Enquirer: 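I have a structure I would like to understand better, so I am pasting it below and will then ask my questions one at a time.
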Protein chains: 2
Amino acid sequence: MTVSNVINDHPHVRPATRQRVLEAMARLDYRVNVAARNLRKGRTGTIGLAVPEVNRPYYGRLAAALITAADRHGLRVSIEQTGARRENELAALSLSRNRLYDGLILATVGMGPADVGSLEVDHPVVILGERIFGGPVDHVAMPNVAAAAAATRHLIERGCRRIALLCGELRDEVDVSSLRHAGYRQALEAAGLPLDPELVLSVPSLTMDAAARRARALAADGPAFDGVFCVTDTVAMGALRGLADAGVRVPGQVKVIGFDNVDESAFLVPSLSTVDPDHDLMAERAVALLVARMGHEGRPAHQEEFVSTFSLVIRESTGR
Amino acid sequence: MTVSNVINDHPHVRPATRQRVLEAMARLDYRVNVAARNLRKGRTGTIGLAVPEVNRPYYGRLAAALITAADRHGLRVSIEQTGARRENELAALSLSRNRLYDGLILATVGMGPADVGSLEVDHPVVILGERIFGGPVDHVAMPNVAAAAAATRHLIERGCRRIALLCGELRDEVDVSSLRHAGYRQALEAAGLPLDPELVLSVPSLTMDAAARRARALAADGPAFDGVFCVTDTVAMGALRGLADAGVRVPGQVKVIGFDNVDESAFLVPSLSTVDPDHDLMAERAVALLVARMGHEGRPAHQEEFVSTFSLVIRESTGR
DNA sequence: TTGTAGGCGTTATCAC
DNA sequence: GTGATAACGCCTACAA
């Protein structure tokens, strides 16, 4: 017991005793057993983070920020890669409920509104993303519609009149593509520009490769266009590459704007205009919400929806 | 006890009993307590991964591959971000020894040869990186010298005669920059080309920003050059941007090659020639070595040094 | 100020 | 085939 008191810096230990304990610990190369401490305390000091893959630029950026934010609360982060698959996202929830983690930050990509029921758990969970609003847990999201409208408006202000949208498949109104599509439409309507369905370009996956192909095809034999709003910077990087392949000059003939402000976007040629959703703020809020839940037992009475701020970062790809 | 037998699929449980247990579990919403299981078993099923930051392209790629490889062994991965700082790398070692992790994969960036002593631990550790060779633990490394030589040779074969090296500070012969510098020199010597110290360009940090500045300065008023070997793709991305700022055409006037083959490099304009060090193989080996150590107690008798393979990926930036 | 008792939830062992 | 017992290492509560 005295050893425990020394380890945990409890007062009421005589300096001489403390010294003897420390010496013995050093001599025996003693290490506290974290598993035993966890069992006794009922907490592990670790939170789970479930994201599609840490190597994807946006999720990597977010994971880094979340690990840093968690560290400020004295928490470690264990990462599950879900591959954006619904079943893996549900599995992460299950692990968290097994008290492997004190709480879980879950990026819902594969799960959809129909899975809201799975979130009815007596365990701290914060949802990150667009797929689930109004669920039984706290939620941190991007200002998708407003930011997408701002990005589109920026293209209009720079003189674009036939603006394409490069997005994923528009399925159920609650994914990244659909929400940003809504913002794109809003901006066009507000400016009195027609919405040409031929300029809404869906790619099967939000990858550079798919985006590059689509951009090449559009430039080769698609309808005329003078601007592209890409739903992510990854898509925009692919688009820039595809347009270059087709001999289209950016921003001379076509202006391009992305979304996410990943580190690389400032160094592309041309550098990429984009939306900065303040990843650090989102990470900080997500961890703060989770920590608050970890304080009390049981299901929360009120859920918080935190929508981040954003700013436009104007670079060469929408220059004059 | 019978519950435990059911949960762990032990034989010798009568089907009817198993059924009753399963029903009770469902009724009570029973969850195994992983902390208690860890205490009892003396293992946590989690390994630690200490890297500078998951958001850096190379470490993100590696982390993703490691998480996937660990998953194949039924292990979770908890990530510590060290910021490349020696003290944080040592702290990760300490956590692992506290039995928080069953083992640790440690990317040594801040630690150096002088810290070999810290690795003398009775706990599974695999070192990843260049800083520590011949230590008391297993080690997975890139084929730095050979691959750097191959990259430089490629520039020579493409007609370059004044090849710059864009690297970090060359301090102690056992970091990424120094090892790749050695390969660069080897290739120049083998080709009978002079080694011009003015063409060895150190930047204070291996970032896009620092590289872009250095490339601009070189193009503006440095010595003449017709090729650049960049020690990482990140540095190469910065260099491409800096050269573009200075109005230098790539590959027309100057050819550029990087190292790492990060996802983005294929989509840059111009696309980036680079060295692919087979991240998946490195990750797979690192986890396999760690798992092997986790089998036995105590310090290993023999240490394994695994040096990955590599291949050149030729793209536009070194095209004719 | 120090030390004793007990229990966190699980599972290896062994008796029934 | 089932279950009682004990122990993994720690820390809260309380006694000395």
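Small disclaimer: the values here were computed from a predicted structure and weren't measured.
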Enquirer: Would you confirm whether B:Gln81, through its side chain, and A:Ala64, through its main-chain N or O, come within 3.5 Å as a donor-acceptor pair?
Expert: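 Such a contact is found between B:Gln81 side chain and A:Ala64 backbone.
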Enquirer: So, A:Asn55 side chain and B:Arg61 main chain: donor-acceptor pair closer than 3.5 Å or not?
Expert: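 Pair found, side chain donor or acceptor close to backbone of B:Arg61.
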Enquirer: Provide, to the nearest angstrom, the distance between the CZ atom belonging to B:Arg31 and the P atom belonging to C:dT10.
Expert: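 Rounding to the nearest Å, CZ of B:Arg31 and P of C:dT10 are 12 Å apart.
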Enquirer: Round to the nearest Å and state the distance from B:Lys41 atom NZ to C:dT13 atom P.
Expert: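 Roughly 12 Å, once rounded to whole Å.
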Enquirer: Under 6.0 Å between ring centres, would you say that holds for B:Tyr58 and B:His279?
Expert: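 Yes.
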Enquirer: For a quick check of understanding: with a heavy-atom distance under 4.0 Å over all strands, which category does A:Arg43 fall into, base, sugar-phosphate or nothing?
Expert: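 It contacts nothing in the nucleic acid.
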Enquirer: Spell out yes or no: do the side chain of A:Arg40 and the base of D:dC11 have one donor N/O and one acceptor N/O closer than 3.5 Å?
Expert: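 Check passes, donor-acceptor contact within cut-off.
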Enquirer: Between B:Val13 and B:Val6, what is the shortest heavy-atom contact and its length?
Expert: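 Looking at all heavy atoms of both residues, the shortest contact is CG1-CG2, 4.0 Å.
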Enquirer: Where the side chain of A:Ala36 is concerned, which of C:dT13, D:dC10, D:dC8 is the nearest nucleotide?
Expert: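 In terms of side-chain proximity for A:Ala36, the closest of C:dT13, D:dC10, D:dC8 is D:dC10.
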Enquirer: Compare the minimum distances between each of C:dT10, C:dG3, D:dG9 and the side chain of B:Asn33, then state the nucleotide with the smallest one.
Expert: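 Selected nucleotide (nearest to the side chain): C:dT10.
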Enquirer: Between A:Phe306 and A:His139, does the ring centroid distance fall short of 6.0 Å?
Expert: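 That pair fails the under 6.0 Å test.
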Enquirer: For A:Arg171, is there an ion pair with A:Glu169 - N to carboxylate O distance below 4.0 angstrom?
Expert: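 Looking at A:Arg171 together with A:Glu169, the answer is no, because their closest N to O distance does not fall below 4.0 Å.
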Enquirer: For A:His12 and D:dC14, what is the distance between atoms NE2 and C1' respectively, to the nearest whole Å?
Expert: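 Rounded to whole Å, this separation is 14 Å.
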Enquirer: Quickly work out the B:His10 NE2 to D:dT2 P distance and round it to whole Å.
Expert: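 So the NE2-P distance, B:His10 to D:dT2, works out to 14 Å.
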Enquirer: If only side-chain N and O atoms of A:Asn5 are considered, is one of them under 4.0 Å from the OP1 or OP2 phosphate oxygen of D:dC11?
Expert: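 The answer is no; no side-chain N or O of A:Asn5 sits under 4.0 Å from OP1 or OP2.
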Enquirer: Picking from C:dT11, C:dT10, D:dC10, which would you name as closest to the side chain of B:Ser4?
Expert: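 In terms of side-chain proximity for B:Ser4, the closest of C:dT11, C:dT10, D:dC10 is C:dT11.
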Enquirer: Which residues in residues 13-28 of chain B have at least one heavy atom lying under 4.0 Å from any atom of DNA chain D?
Expert: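 Residues of residues 13-28 of chain B under 4.0 Å from DNA chain D: B:Val13, B:Arg14, B:Thr17.
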Enquirer: Apply salt bridge (Lys or Arg N to Asp or Glu O under 4.0 Å) to residues A:Asp29 and B:Arg97 and explain how you reach the verdict.
Expert: CA-CA 10 Å; A:Asp29 195 30; B:Arg97 297 167 75 189; 3.8 Å; yes
Enquirer: Expressed in angstrom and rounded to an integer, what is the separation of B:Leu39 atom CG from D:dC8 atom C1'?
Expert: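 Atom CG in B:Leu39 sits about 4 Å away from atom C1' in D:dC8.
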Enquirer: Students often get this wrong, so: under 4.0 angstrom with heavy atoms, is B:Asn38 touching a base, only sugar-phosphate, or nothing?
Expert: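 Counting heavy atoms under 4.0 Å across all strands, no contact is made by B:Asn38.
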Enquirer: So if I take every side-chain heavy atom of A:Met1 and compare against D:dG3, D:dT12, C:dG9, which nucleotide ends up nearest?
Expert: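 Between D:dG3, D:dT12, C:dG9, the one nearest the side chain of A:Met1 would be D:dT12.
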Enquirer: Would you indicate which nucleotide in C:dT11, D:dT12, D:dC10 comes nearest to any side-chain atom of B:Arg37?
Expert: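 For the B:Arg37 side chain, the nearest candidate turns out to be C:dT11.
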